[in-house]
Amino acid sequence: MKTQDLDRIRFITRHFNDLQGLRYWVPLGLVTLGLGGPALLRVVSILGAGLLMLGAKRYYRATFGRVERRPVEPAAELYPVSVYSPAGPIPRLAGFRLVTPVARHFLVTMTAAVVVFTYFQAIPPNILVQGNESLGQHPQVYRELFPTYGPPIIVPPAYPHGGSVRPPSMLRAVFAQTLYLLCGSLFLGAWLWRERRRSQGHHLALAVLLLGLAALGTSLGFLARADGAIPGTLDLLLPALVYPGIAVLLCGSSMVA
């Protein structure tokens, strides 16, 4: 057996459960796609995702078997404790992992992305988006020249008279960009968790695409002009940056694919 084949077998064994795309990625993609439709479509997508998860679990077990973890030996897992230790007894929880490695990768990646995204969302000026997504109209983005003000939820001492209120059309655009951020962070976390291997490069490609769309959408406040014109290349991507329905379609399709 070649060394490359042995390494592949070890990789599949370590990640046997999270490599089962029909149990996780496809159901999550179906639920995401259902967010962009009416209530009936949402219910159907959630039910379909649940049935697919149950059926896929039986399919993988019947076709590929299952990988069981080796039994844990408490003596090998816990720290050695000596009754004569001058430092006193070691806490009982010292030998247990409170956070699994896969959860740690996802939490660190998503937390960092959310912090950066929130910071840059607070910098650009407000924008106005004109266009109807359901009618297939190409949107136009204008910088808000006269922002409206209202009382914030928590009034800080420095702003006793309230703060700037974002227009509803901008809030819809921010929702689309947030969806790109969350899905892109999931793909990036999956690529990091799966050892950054070349065979998992499609996760990195999708992460770069979705996180790039989130970054471009965040910068629209700087790029918007008084006449609603946007630079030519970015204008082609404008519907995907400000329409939540297109964001739901792209993110859900990426997960299914």
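Predicted model only: the values in this text are computed from it and were never measured. Side-chain atoms are counted along with the backbone in the values below, which use heavy atoms only and exclude waters and symmetry mates.
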Exercise: identify the closest heavy-atom pair between Cys251 and Thr32: CB-CG2, 4.2 Å

How far apart are the closest heavy atoms of Ile127 and Pro167, and which atoms are they? O-CG, 3.6 Å

What about Val248 and Leu181, same hydrophobic cluster or not, with Ile/Leu/Val/Met/Phe/Trp/Tyr joined at side-chain heavy-atom distances under 4.5 Å? no

Spacing of NE2 belonging to His202 relative to CD belonging to Gln200, to within rounding of 0.5 Å: 5.0 Å

Going only through I, L, V, M, F, W and Y residues with side-chain contacts under 4.5 Å, is there a path from Leu216 to Val242? yes

In one Ile/Leu/Val/Met/Phe/Trp/Tyr side-chain cluster, 4.5 Å: Val31, Leu249: no

Can a donor-acceptor pair be found, under 3.5 Å and without considering hydrogens, that links the side chain of Tyr180 to the backbone of Ala240? yes

Nearest heavy-atom neighbours spanning Tyr60 and Gly21: OH-N, 3.5 Å

CG of Asn126 to OG of Ser169: how many Å apart, nearest 0.5 Å? 9.5 Å

Interatomic distance, CG@Leu47 vs CG@Leu30, rounded to 0.5 Å, equals 11.5 Å

Leu22 to Leu52 - nearest heavy-atom pair and separation: O-CG, 3.6 Å

To the nearest 0.5 Å, how far apart are CZ in Arg8 and CG in Leu6? 12.5 Å

Does CZ belonging to Arg196 count more than 12 external heavy atoms closer than 6.0 Å? no

Distance col, row Phe64:CZ vs Leu19:CG, nearest 0.5 angstrom, shows 11.0 Å

Hey, are the side chains of Ser199 and Arg194 touching, using non-hydrogen atoms and a 4.5 Å cut-off? no

Tell me if the CZ atom of Phe222 is crowded by more than 12 foreign heavy atoms within 6.0 Å. yes

pair Leu33-Ser45: side-chain heavy atoms closer than 4.5 Å: no

Are side-chain heavy atoms of Leu182 and Leu186 found at a separation under 4.5 Å? no

Is there a path of hydrophobic side-chain contacts, each under 4.5 Å between heavy atoms of I, L, V, M, F, W or Y residues, that connects Leu241 with Val174? yes

With rounding to the nearest 0.5 angstrom, report the CG to CG distance, Leu211 to Leu206. 10.5 Å

Could you list the donor-acceptor pairs under 3.5 angstrom formed by side chains in residues 108-115, with sequence neighbours left out?
residue	atom	partner	partner atom	Å
Thr109	OG1	His105	O	2.8
Thr111	OG1	Leu107	O	2.6

Carefully, step by step, assess Phe117 and Gln177 under the rule side-chain contact (heavy atoms from CB on, under 4.5 Å). CA-CA 9 Å; Phe117 179 77; Gln177 297 153 19; 3.9 Å; yes

Decide yes or no on side-chain contact (heavy atoms from CB on, under 4.5 Å) for Leu238 and Val129, but give the supporting numbers first. CA-CA 10 Å; Leu238 198 56; Val129 181; over 6 Å; no

Same cluster for Leu234 and Met170 if Ile/Leu/Val/Met/Phe/Trp/Tyr side chains link at under 4.5 Å? yes

For the backbone of Gly221 and the side chain of Arg143, can you confirm whether one donor and one acceptor N or O come within less than 3.5 Å of each other? yes

Whether Phe187 and His203 hold their rings parallel, tilted or perpendicular, with breakpoints at 30° and 60°: tilted

Taking all atoms of both residues into account, what is the closest heavy-atom pair of Arg23 and Met53, and its distance? O-CG, 3.3 Å

Taking all heavy atoms of Pro244 and all of Glu133, pick out the closest pair and write down the distance. CD-OE1, 3.7 Å

Evaluate the criterion side-chain contact (heavy atoms from CB on, under 4.5 Å) for residue pair Asp235 and His138; output intermediate values, then yes/no. CA-CA 9 Å; Asp235 186 65; His138 190 81; 3.2 Å; yes

